[in-house]
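For reference, the structure is listed below as structure tokens.
Here the structure is a predicted model, which is why all the values come from computation and not from measurement.
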Amino acid sequence: MVKRVFSGTQPTGELHIGGYLGAFRGWVEMQHTHDAFYCVVDLHALTAGEEPTRLRRHTLEVASLLLAVGLDPDACTLFVQSHVPEHAQLSWLLECTATMGELGRMTQYKDKAAGRESVPAGLFTYPVLMAADILLYDADEVPVGEDQRQHLELARDLASRFNSRYGPTFVVPEAIIPPVGARVMDLAEPTRKMSKSTSSSLGTIRVLDDPATIERKVRRAVTDIDTEVRYDRGTKPGVSNLVELLAVATGRSREEAAASQAGYASLKAATAEALIEMLHPVQERYVELAGDPAGVRAVLEKGAAKAREVAGTTVSRASQAMGLLPPGRS
Ligand code: TYM
């Protein structure tokens with residue numbers, strides 16, 4: 001049987017090459033081999049306190065970018081999370097099986113809550129909503145970057161706990177993390193992952209950055225005082241990040257990529273060129289899609305209708321397993 005795959009991305013800020021290399025490229029490949037469901041997770045973005053008009057705009061932009069990256073509406077189901085209310089519904093059911101202790105141990109929660117005077121409850125329960133996303137679709141596999149590993153473990157734990165408490169209900173999903181490109185680091189601060197929250201900085205390359213911007217950002221990337229091009233995350237984080245980018249963008253191993261460059265200047269020039277070339281077709285397609293918002297919304301509408309069929313069945317199954325009285329007379 002064809003395996004089911006589910007994954008999601010938040011519509012906060014613009015997509016960067018971290019997400020592209022860590023996740024979206026895998027999504028594109030898996031749409032041809034799996035029954036694929038991909039989601040723009042706008043409910044998750046609410047935890048970041050996005051400004052309403054920006055959130056609405058980014059949701060459509062991210063959906064358009066995912067199509068530009070290569071998602072094909074005939075090969076996968078692409079939709080917006082809030083268009084399928086079952087996500088919030090299942091999240092509540094799962095919240096009643098998750099514990100404060102396990103949610104408090106999530107490192108992303110600890111990082112995001114640190115130093116804040118008041119922490120939204122949604123930030124705390126965020127990983128439960130994420131588990132609901134995945135479990136709703138009986139997903140066997142979930143392609144994500146390294147930073148989502150712990151959340152995936154939680155989704156597995158919640159599924160197994162539910163199954164043993166209420167009987168077999170959910171598929172226990174597996175994380176699919178790519179061997180290279182799963183943790184792209186910030187170019188200006190290579191010990192931190194590249195992230196949307198710093199998307200204005202020099203350290204983040206956006207999928208839509210123009211060639212001159214990409215060149216400038218890569219040229220200014222932090223390296224070290226040594227001169228040797230070598231992959232070693234521990235002692236050479238900046239150089240290793242560039243080597244990794246060059247490797248994934250050109251389809252070579254890290255060792256081959258490192259050996260192909262004699263010094264930092266040529267490493268940077270080759271990396272910038274490879275990224276520009278990799279992003280060029282995506283940017284071209286994006287321009288077309290951005291000119292047709294109604295077309296993109298039609299794709300999302302169709303996707304949500306298909307997603308709701310699956311999601312509705314799962315919520316009924318889980319509700320009944322937990323003892324909720326089914327609506328109707330029989
Ligand atoms: P998000 O929106 O932050 O990122 C989307 C995907 O991109 C990956 N990623 C990276 N990969 C490599 N290097 C980086 N620097 C980098 N930054 C981001 C992420 O691992 C992710 O796969 N919580 C999720 C969204 C989500 C989800 C889900 C994912 C909600 N529900 C269900 C999978 C299944 C998030 O914030 O991803």
Side-chain angles (χ1 to χ4, degrees), residues 1-10 23 30 34-39 41-47 77 79 81-82 84-113 119-177 182 307-327:
M1 251 222 347
V2 177
K3 285 190 177 172
R4 177 74 62 74
V5 64
F6 179 92
S7 202
T9 184
Q10 293 196 64
M30 290 173 104
H34 291 64
D35 182 15
F37 285 76
Y38 300 128
C39 186
V41 292
D42 55 348
L43 297 176
H44 279 96
L46 293 175
T47 62
T77 303
F79 66 102
Q81 189 182 29
S82 64
V84 183
E86 285 82 357
H87 287 251
Q89 221 176 333
L90 184 61
S91 186
W92 174 253
L93 303 186
L94 293 175
E95 265 177 49
C96 294
T97 67
T99 68
M100 301 284 282
E102 65 194 343
L103 298 184
R105 282 194 292 277
M106 294 292 118
T107 53
Q108 287 217 341
Y109 165 71
K110 288 197 268 187
D111 289 350
K112 287 185 177 162
V119 178
L123 202 55
F124 189 66
T125 55
Y126 177 110
V128 184
L129 178 58
M130 184 164 159
D133 299 340
I134 299 163
L135 302 185
L136 266 181
Y137 299 95
D138 292 331
D140 303 289
E141 297 181 354
V142 185
V144 282
E146 182 61 47
D147 61 342
Q148 299 300 321
R149 192 187 283 279
Q150 194 189 27
H151 287 161
L152 256 294
E153 274 307 313
L154 181 81
R156 290 171 59 85
D157 287 350
L158 294 181
S160 307
R161 186 178 311 155
F162 193 105
N163 289 346
S164 61
R165 198 174 288 171
Y166 299 110
T169 307
F170 296 124
V171 171
V172 180
E174 230 181 281
I176 304 293
I177 297 176
R308 284 200 75 172
E309 279 173 28
V310 182
T313 316
T314 314
V315 166
S316 302
R317 197 166 71 227
S319 303
Q320 293 194 23
M322 290 180 98
L324 300 178
L325 183 69

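- Taking CG from Leu123 and NE2 from His44, the interatomic distance works out to 10.5 Å, rounded to the nearest 0.5 Å.
- Tested against Asp138 for a side-chain hydrogen bond (donor to acceptor under 3.5 Å, both in side chains), the candidates Arg4, Arg317, Lys3 yield a single pass: Arg317.
- When every heavy atom of Ala159 is checked against every heavy atom of Val172, the shortest pair comes out as CB-CG2, 4.2 Å.
- Residues Leu324 and Leu93 are in side-chain contact: their nearest non-hydrogen atoms beyond the backbone lie under 4.5 Å apart.
- Note that the CG atom of Leu154 and the CD atom of Glu102 stand 5.0 Å from one another [nearest 0.5 Å].
- Pairing each heavy atom of Ala311 with each of Val84, the nearest pair is CB-CG1, 3.9 Å.
- Thr99 is listed as a side-chain neighbour of Arg161, based on a closest heavy-atom distance under 4.5 Å.
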Could you walk me through whether Val119 and Tyr109 pass the side-chain contact (heavy atoms from CB on, under 4.5 Å) test, one step at a time?
-> CA-CA 10 Å; Val119 178; Tyr109 165 71; 3.9 Å; yes
Could you walk me through whether Arg165 and Met322 pass the side-chain contact (heavy atoms from CB on, under 4.5 Å) check?
-> CA-CA 9 Å; Arg165 198 174 288 171; Met322 290 180 98; over 6 Å; no
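- Counting heavy atoms from C-beta outward, Leu94 and Phe170 have side chains that approach closer than 4.5 Å.
- Residue Glu95 holds its CD atom at 4.5 Å from OG1 of Thr125, rounded to the nearest 0.5 Å.
- Side-chain contact between Met106 and Phe124 is absent, with no heavy atoms from C-beta onward closer than 4.5 Å.
- Of all the heavy atoms in Asp35 and Val2, the pair that sits closest is N-CG1, 3.4 Å.
- The structure places CG of Leu103 at 9.0 Å from CZ of Arg105, a figure rounded to the nearest 0.5 Å.
- Heavy atoms only, all atoms of each residue included: Ala307 and Phe37 are closest at CA-CE2, 4.0 Å.
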Under the salt bridge (charged side-chain N to carboxylate O under 4.0 Å, His left out) rule, what do Arg149 and Glu146 come out as? Steps first, then yes or no, please.
-> CA-CA 6 Å; Arg149 192 187 283 279; Glu146 182 61 47; 2.8 Å; yes
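- Checked against the 6.0 Å centroid criterion, the rings of Tyr137 and His87 qualify as a close aromatic pair.
- Annotation for Asp133 and Gln81: closest pair OD1-NE2, 2.9 Å, computed over non-hydrogen atoms.
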Criterion side-chain contact (heavy atoms from CB on, under 4.5 Å) on Tyr166 and Thr97, from CA distance to verdict | CA-CA 11 Å; Tyr166 299 110; Thr97 67; 4.2 Å; yes
Checking side-chain contact (heavy atoms from CB on, under 4.5 Å) for the pair Asp140/Val171: CA distance, chi angles, key distance, verdict?
-> CA-CA 7 Å; Asp140 303 289; Val171 171; 3.7 Å; yes
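- Interatomic distance, Arg156 CZ to Glu174 CD, rounded to the nearest 0.5 Å: 6.0 Å.
- Looking at Lys112, His151, Gln150 one by one, the single match for side-chain hydrogen bond (donor to acceptor under 3.5 Å, both in side chains) with Thr107 turns out to be Gln150.
- A distance-only check finds a donor-acceptor pair linking the side chain of Ser7 to the backbone of Pro143 [under 3.5 Å].
- The CD1 atom of Ile177 sits 6.5 Å away from the CG atom of Leu152 when rounded to the nearest 0.5 Å.
- Across all non-hydrogen atoms, the minimal contact from Ala175 to Val144 is CB-CG2, 4.4 Å.
- Remark: side-chain polar atoms of Glu86 are not paired, donor with acceptor, to backbone N or O of Leu136 under 3.5 angstrom.
- When side chains are defined from C-beta on, Pro120 does not count as touching Thr47, because their heavy atoms never get closer than 4.5 Å.
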